[in-house]
Protein chains: 2
Amino acid sequence: MQDVAKAAGVSPMTVSNVINDHPNVRPSTRAKVLEAMARLDYRVNVAARNLSKGRTGVIGLAVPEVNSAYYGRLAVGIIAAAERRGLRVSIEQTASRENELDALSLSRNHQYDGLILSAAGMSQADAERLKVEHPVVVLGDRIFGGPVDHVAMPNLEASRVAARHLVERGCRRIAIMCGAVEEVNPSSLRLTGYRQALEDADLPADPGLIQQVGRLDMREGARRAREMTQSGLDFDGVFCVTDSLAMGVIRGLADAGIRVPDQVKVIGFDNVSDSEFFIPSLSTIDPDHDGMAERAVDLLIRRIEQTGPSTRHRDFIGDFSLVIRESTGG
Amino acid sequence: MQDVAKAAGVSPMTVSNVINDHPNVRPSTRAKVLEAMARLDYRVNVAARNLSKGRTGVIGLAVPEVNSAYYGRLAVGIIAAAERRGLRVSIEQTASRENELDALSLSRNHQYDGLILSAAGMSQADAERLKVEHPVVVLGDRIFGGPVDHVAMPNLEASRVAARHLVERGCRRIAIMCGAVEEVNPSSLRLTGYRQALEDADLPADPGLIQQVGRLDMREGARRAREMTQSGLDFDGVFCVTDSLAMGVIRGLADAGIRVPDQVKVIGFDNVSDSEFFIPSLSTIDPDHDGMAERAVDLLIRRIEQTGPSTRHRDFIGDFSLVIRESTGG
DNA sequence: TTGTATGCGTTATCAT
DNA sequence: ATGATAACGCATACAA
């Protein structure tokens with residue numbers, strides 16, 4: 001910037017004013033400066049600007065895995081919402097609880113104006129760690145009642161609706177496929193919704209119908225579905241806590257010669273973009289991804305712009321709707 | 001840092017040395033400093049550190065869309081390769097040619113140590129814009145022979161193999177579904193490979209079998225496949241330039257009552273993680289994602305660490321293999 | 001409309 | 001083993 005100023009015969013401050021489109025710059029001066037900038041191939045140093053302004057114009061989005069349809073969909077919503085407010089978003093993969101905590105603490109400060117953390121590995125016990133002084137919004141389901149703003153999925157209610165849909169389609173032996181059940185994680189909440197739906201329908205709760213798997217992906221879904229059939233388990237419906245799991249289950253059932261929805265009906269959760277094109281197309285819960293994203297960005301910006309003492313955190317639960325497709329005979 | 005130094009009764013420099021694990025700090029001093037840091041809840045300001053060091057330890061990955069199975073897979077490889085070298089990666093969505101150019105120029109400088117750009121919208125005409133002084137590696141297929149390092153897919157050869165596979169499975173009227181064909185983009189290269197395979201097999205090249213679609217996603221694939229059947233087009237095989245397209249095509253054919261692979265065989269390109277679980281599972285080309293990612297990160301790091309005058313750029317083409325699954329008859 | 005002085009929080013260099 | 005000093009490149013506040 002000094003060089004540009006010298007070359008244009010002005011002070012560095014004037015160059016700065018030109019770069020930042022300040023109003024009070026004479027057109028001729030602006031032209032001179034722009035010319036010098038072009039000639040010297042000048043680029044602003046964002047690191048310096050960030051240090052000086054104390055703002056970066058970038059918010060971070062930390063997700064457990066980048067290669068997942070669900071988090072991809074989530075990112076799209078966040079990016080759109082942030083863009084509308086003039087912010088860029090930068091995505092990072094956390095992969096482990098360790099990294100999630102790391103994303104919160106030391107190193108990321110001042111790199112982003114704020115952080116949207118979609119936590120998967122953190123537990124209620126880590127809630128204390130969320131007590132950071134910079135803007136953070138948690139998107140997801142753990143750490144309910146933690147010390148930060150929180151936008152959650154309508155896990156319980158939506159799961160109840162999903163399971164009820166299977167009941168209404170005539171299923172009587174409804175299995176659930178979920179992840180490890182601990183504290184208030186998505187799997188535990190969705191399991192509760194499932195149980196309520198069975199209870200509502202006066203169906204017995206058979207523990208053998210509760211299938212917990214290690215990862216919520218297609219591979220696990222397919223593997224477990226094959227095991228379920230081989231073990232002779234009697235079931236006519238499966239509520240899967242993610243669409244990926246559901247597609248895997250359908251695949252696994254197909255491998256075992258079982259037709260969906262004729263013999264077994266399957267419903268998922270997430271309304272991932274592929275689910276519409278899968279064969280059979282997947283009935284599922286459509287969470288209001290964009291609404292939740294919008295809300296999360298809103299909350300974050302509020303925190304970023306708030307200067308006074310930190311106000312009490314707020315919790316939100318998103319909307320949802322039931323999408324009926326072929327996998328439940330729809 | 002000043003506050004910590006004062007509280008610990010040392011100089012800021014010593015605090016810095018403690019933070020950065022420098023060897024020459026007496027244990028007792030280190031303890032004092034750590035205690036003061038904890039007491040004051042001190043966090044380093046990364047913006048300041050970046051400015052001072054001229055390095056961030058972060059590389060950027062700019063992709064056209066974050067919600068795509070292919071770019072998700074790519075990101076996984078890049079993140080793994082970067083992590084092995086002690087770098088973090090930050091993903092940004094470019095979405096438009098404009099943003100791709102933007103990712104290169106002004107604003108991102110000094111935000112990242114280097115940029116891996118997976119370009120989709122840029123054309124050969126934009127090659128000049130790639131002449132930037134900071135480290136950039138292009139991952140993808142446009143801008144061949146541009147002024148930067150480049151890691152490319154084995155588009156032509158792999159497509160030839162894919163189309164030949166259909167021939168070997170007895171297809172005689174083989175369609176290709178690709179995107180807009182212009183200059184040397186993936187679609188044009190893959191189309192060339194397809195044409196060569198037909199020629200190799202002495203099959204006529206019917207222009208009606210070349211189906212260009214707007215987007216390379218499932219929706220377009222399904223829509224176009226339905227149109228192809230409705231229009232009475234005669235074909236017994238389809239080579240789709242992406243797996244997403246292929247899954248969409250299979251879905252569209254199913255809607256029209258056409259069975260894959262019995263009546264029509266379909267092969268994709270990318271070996272996206274879902275393709276194994278789709279029904280029918282998808283035959284496809286498996287590019288060496290991880291090898292390409294590794295190479296791209298290598299090249300980038302070389303540029304980052306190189307201090308002297310810029311050396312000539314280098315081009316690489318990745319490996320690939322043919323994956324045969326149900327959609328071409330197993 | 002333009003320029004001067006100062007500070008953002010850290011690290012490198014060199015001295016002690 | 002520790003500290004003083006000077007950048008890093010920009011923006012803010014205020015003066016001219």
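None of the values given here were measured: they were computed from a predicted structure. Lettering follows sequence order; numbering is per chain, from 1.
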* If every non-hydrogen atom of Pro64(A) is compared with every non-hydrogen atom of Ser118(A), which pair is closest and at what distance? -> CD-O, 3.1 Å

Between [N] ([atom2]) and [X] ([atom1]): distance, integer Å:
X        : N       : atom1 : atom2 : result
Asn24(B) : dG3(D)  : CG    : P     : 13 Å
Asn50(B) : dC10(D) : CG    : P     : 15 Å
Lys6(A)  : dG9(D)  : NZ    : P     : 13 Å
Leu40(B) : dG9(C)  : CG    : P     : 14 Å

* Can you tell me if the side-chain N/O atoms of Thr14(B) get under 4.0 Å from OP1 or OP2 in dG3(D)? ->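 Checking Thr14(B) against dG3(D): at least one side-chain N or O falls below 4.0 Å of OP1 or OP2.
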
* Asked: Is any side-chain N or O of Asn45(B) closer than 4.0 Å to OP1 or OP2 of dG9(C)?
  -> no

* Inter-residue atom distance Asn67(A).CG - Leu74(B).CG, 0.5 Å rounding ->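 Between Asn67(A) CG and Leu74(B) CG, I get 10.0 Å after rounding to 0.5 Å.
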
* Asked: If you pin Leu51(B) and Thr29(B) to their nearest nucleotides in DNA chain D, which one's is more 5'?
  ->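 So the residue in question is Thr29(B).
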
Can we say [X] and [Y] salt-bridge, meaning some charged N sits less than 4.0 Å from an Asp/Glu carboxylate O?
X         : Y         : answer
Arg30(B)  : Asp21(B)  : yes
Arg85(A)  : Glu294(A) : yes
Arg303(A) : Asp149(A) : yes

* Where protein sits on nucleotides 11-16 of chain C, one letter per nucleotide: B base, S sugar-phosphate only, - none, heavy atoms under 4.0 Å -> BB----

* To do: Report the residue from Arg55(B), His134(B), Glu92(B) that forms a side chain to side chain donor-acceptor pair (under 3.5 Å) with Tyr112(B).
  =>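 Answer to the side chain to side chain donor-acceptor pair (under 3.5 Å) test with Tyr112(B) among Arg55(B), His134(B), Glu92(B): Glu92(B).
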
* Are the side chains of Val76(B) and Val66(A) in touch, meaning some heavy atoms are under 4.5 Å apart? -> yes

* To do: Could you tell me whether the side chain of Leu299(B) reaches within less than 4.5 Å of the side chain of Phe316(B), counting heavy atoms only?
  => yes

* Rounded to 10°, tell me the angle between the two end axes of the helix from dT1(C)-dA16(D) to dT16(C)-dA1(D), each built from five pairs. =>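 For the helix from dT1(C)-dA16(D) to dT16(C)-dA1(D), the axes at either end differ by 30°.
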
